Amino acid sequence: MIRAYATENQFHRSLNLYSKMLDTELTPDKYAFPFALKSCAGLSDLWTGKQIHLHLIRYGCSVDLFVDAALVDMYAKCGEVETARLVFDKMTVRDLVSWTSMISGYAHNGYNSETLEFFDLMQNSDVKPNRVSILSVLLACGNLGMLRKGEWFHNYVIQTGFQSDILVATSIIDMYTKCGSLDSAHYLFDQTMGKDVVCWSAMIASYGIHGHGRKAIDLFDRLVDEGVRPNHVTFTCILSACSHSGLLEEGKKYFDLMKEYEVVQELKHYACMVDLLARAGKLSEAEKLIERMPVKQDSSIWGSLLGACRIYGNLDLAEKVADRIFQLDPTHAGYHVLLSNIYAAKSRWSEVERVRALMAGKSTKKILGYSWIEFKNQVYKFSVGDRLNPQSEKIYSLLEELAAPMINLGYVPVTDFVLHDIEDEAKEVALSYHSERLAIAFGLINMSPGTPIRITKNLRICGDCHNAIKFISKIVKRVIIVRDMHRFHHFEDGVCSCGDYW
DNA sequence: ATAGGGTTAG
């Protein structure tokens with residue numbers, strides 16, 4: 001029964017029975033523990049997971065292939081990757097599933113390079129990967145934006161025949177999407193037989209994140225024609241796609257359509273709608289939607305609105321919205337910076353100072369921005385103004401060389417994005433060495449002419465860099481593809497695919 | 001008798 005409930009995702013019931021079992025004279029055995037642990041994993045219930053870990057030691061089940069794999073999985077799914085690794089290291093015998101549990105734990109917790117390293121280690125231990133273990137490396141390649149490595153795995157999948165597996169195919173489509181190769185994603189999607197709703201959703205998401213809202217809509221309508229039932233993820237994908245392309249009326253239509261399919265409108269769907277309305281300039285409509293939505297608000301849904309307040313220079317609403325945000329999430333550095341930028345754009349320097357002081361007083365957690373690029377099977381990472389790369393000399397002189405032609409073509413640095421107490425000239429310098437520009441210069445120096453430069457960035461690209469990269473793409477006659485935390489920007493001949501709508 | 005798995009806002 002513990003197993004049956006765990007298998008049916010009824011984790012609370014599963015654990016209730018486990019707990020009842022402890023009250024009897026029976027003791028759980030090595031067949032019960034994996035499923036009790038699976039239920040903890042499903043609930044991300046670390047506390048109960050640790051209790052069960054103690055039980056299984058007490059009952060002498062701590063050296064068992066199945067129990068240990070379940071422990072690794074439980075710790076990983078509860079975010080305790082290091083503990084999972086300790087359990088894994090203690091195992092005396094490891095099979096494909098134990099390796100895969102660990103690799104998947106790495107992949108799903110953002111330990112992307114570890115995922116790839118561990119996959120190699122597994123193969124060196126003469127454990128042959130199967131379709132399940134492939135999913136994790138594809139996820140890691142996608143997260144890292146490692147297109148060449150991802151292509152290598154795609155080829156590997158073709159050789160091994162795993163491509164006919166719909167889960168693997170979907171993962172490859174997603175990998176290509178996240179590596180900026182929309183064409184490859186689309187090509188594989190068309191080739192894939194027996195597509196289910198997940199695969200369709202992945203492709204809709206793909207068009208969305210690359211800014212092809214119309215194609216996402218066509219695909220959604222095709223999915224419906226083929227009798228596939230869209231689910232909560234499919235709707236998230238289509239709403240997000242509409243939002244990235246500014247398709248306001250279409251987005252509203254799909255939001256309403258959710259009711260017909262009896263798909264519950266969750267926070268993530270409202271977030272897309274707020275974003276869509278706000279970026280289209282319907283600020284008060286967006287505000288009203290947040291106020292009257294029947295799901296619990298979070299700081300980020302107000303954050304979308306604050307972002308739109310910056311675009312439209314609406315200071316009054318920005319102040320009101322920022323109040324709400326700081327009540328919900330007082331230590332978020334990004335929203336403080338956003339608010340101070342809104343003040344800066346209106347030259348309200350004393351307010352800028354006030355927000356900065358507020359920020360310092362609350363010890364906000366600032367995420368350091370960085371950008372990276374794949375080159376020769378490696379990832380090269382840059383942060384603003386750093387000189388850690390051996391080719392720094394060349395990188396900085398290339399950026400300096402580009403400055404004059406950029407200005408000749410009409411580039412004007414916009415320094416609103418830098419805090420105002422730096423001198424103007426210093427601001428321009430700080431901007432011109434943002435991590436994405438260093439990564440792009442590295443790509444231009446090292447990659448053969450004609451190949452697109454693909455950059456990944458952990459934050460949103462700043463407005464000035466977005467503008468600068470347009471000019472760079474024109475001058476160097478290169479396609480530059482930037483993935484920021486939000487979406488893709490394809491720069492070519494001075495134009496960005498996002499149409500500056502982002 | 002037992003395990004590992006694809007899509008999702010900001």
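Chain A is the first sequence line, chain B the second, and so forth, proteins listed ahead of strands; every chain is numbered from 1. Any value given below was found using the heavy atoms of this structure, including those in side chains, with hydrogens, waters and symmetry copies removed. Since the structure is predicted, the reported quantities are computational estimates derived from the model, not experimental observations.
Residues that satisfy the salt bridge (charged side-chain N to carboxylate O under 4.0 Å, His left out) test with A:Arg279, not counting sequence neighbours, are A:Asp275. In this structure, the side-chain hydrogen bond (donor to acceptor under 3.5 Å, both in side chains) partners of A:Ser206, at least two apart in sequence or on a different chain, are A:Thr177. Not a single salt bridge (charged side-chain N to carboxylate O under 4.0 Å, His left out) links A:Asp68 to another residue, sequence neighbours left out. For A:Asn109, there are no side-chain hydrogen bond (donor to acceptor under 3.5 Å, both in side chains) partners, not counting sequence neighbours. Under the rule for a side-chain hydrogen bond (donor to acceptor under 3.5 Å, both in side chains), the partners of A:Tyr111 that lie at least two apart in sequence or sit in another chain are A:Glu82.
Look at CZ on A:Phe255: it is 15 Å from P on B:dA9, rounded to the nearest Å. Taking atom CG on A:Asn458 and atom P on B:dG10, their separation rounds to 16 Å, with Å as the unit. In this structure, the CZ atom of A:Arg460 is 14 Å from the P atom of B:dA9, given to the nearest Å. The nearest whole Å value for the distance from the CD1 atom in A:Ile173 to the P atom in B:dT8 is 12 Å. B:dA9 atom C1' lies 8 Å from atom CD1 of A:Ile301, rounded to whole Å. The separation between A:Arg279 atom CZ and B:dA9 atom P is 12 Å, rounded to whole Å. Rounding to whole angstrom units, CZ of residue A:Arg310 and P of B:dG10 are separated by 15 Å. When the P atom of B:dT8 is taken as reference, atom CZ of A:Phe220 falls 16 Å away, rounded to whole Å.
Nucleic acid contact for A:His269: none, since no nucleic acid atom lies under 4.0 Å from a heavy atom of the residue. Within 4.0 Å (heavy atoms only), A:Leu267 reaches at least one base atom of the nucleic acid.
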### Task
Summarise how protein sits on nucleotides 2-7 of chain B as a single string, 5' to 3': B when a protein heavy atom is under 4.0 Å from the base, S for sugar-phosphate-only contact, - for no contact.
BBBBBB
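Of the options A:Arg292, A:Lys282, A:Lys320, a side-chain hydrogen bond (donor to acceptor under 3.5 Å, both in side chains) to A:Glu287 is made by A:Lys320 and by none of the others.
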